[in-house]
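Scroll down for the structure; my scribbles are underneath it.
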Amino acid sequence: MKDDDELCLCFHVSRRKVIQFLKTQRPKSASQLSECFGAGTGCGWCRPFLRRLWESEQPETESLPNPETYATERAAYRDKTP
Ligand code: FES
């Protein structure tokens, strides 16, 4: 996943926006990333990935799935959740 790819597909929040939010706002909990354009407040698929970036010392170097795999796995996740 590159910086301009969407990390939160529900709210079209790019990886770049999330990383910028982490650097400038320094949220004290991963859930505060919801203040970044609503990231993580839709289907919930992206929350573990948001947390991974939040936990990282250098979020810009974290490896995340490629966008196609990410979107496909999210679709399967959404099919399973009520
Ligand atoms: S992809 Fe982020 S809440 Fe659905």
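Basis for what follows: all heavy atoms, side chains included, without hydrogens, waters or symmetry-related copies. Atoms within each ligand, like the ligands themselves, are counted from 1 in listed order.
With L33 as reference, V18 is the one residue of V18, T41, L53 to meet the side chain to side chain contact (heavy atoms under 4.5 Å, CB included) rule.
Note on C10: not counted as a metal contact of atom 2 (Fe) of ligand 1, no N/O/S atom lying under 2.8 Å. Residue contacts to atom 2 (Fe) of ligand 1: C43 brings no N, O or S atom closer than 2.8 Å. Among the atoms of C8, no N, O or S atom is found under 2.8 Å from atom 4 (Fe) of ligand 1.
In this structure a side-chain-to-backbone donor-acceptor pair under 3.5 Å is present from Y70 to L7. Checked by atom type and distance alone, the side chain of Y77 pairs as donor or acceptor with a backbone atom of C43 at under 3.5 Å.
In summary, the aromatic rings of F21 and F37 are positioned with their centroids too far apart to meet the 6.0 Å limit.
Per-residue contacts place C46 under 4.0 angstrom from the following atoms of ligand 1 (heavy atoms of the residue considered): 1 (S), 2 (Fe), 3 (S). Near G44, meaning under 4.0 Å from any of its heavy atoms, are these atoms of ligand 1: 3 (S), 4 (Fe).
In terms of protein heavy-atom proximity, atom 1 (S) of ligand 1 is closest to L9 N, 3.2 Å. With hydrogens left out, the protein atom closest to atom 3 (S) of ligand 1 is G42 N, 3.2 Å, a heavy atom.
Heavy atoms of R47 found under 4.0 angstrom from ligand 1: none, in either backbone or side chain.
Here D4 pairs with R16 in a salt bridge; the nearest charged N to carboxylate O distance falls below 4.0 Å.
Looking at every heavy atom in both residues, E60 comes nearest to R15 through O-NH2, 3.2 Å.
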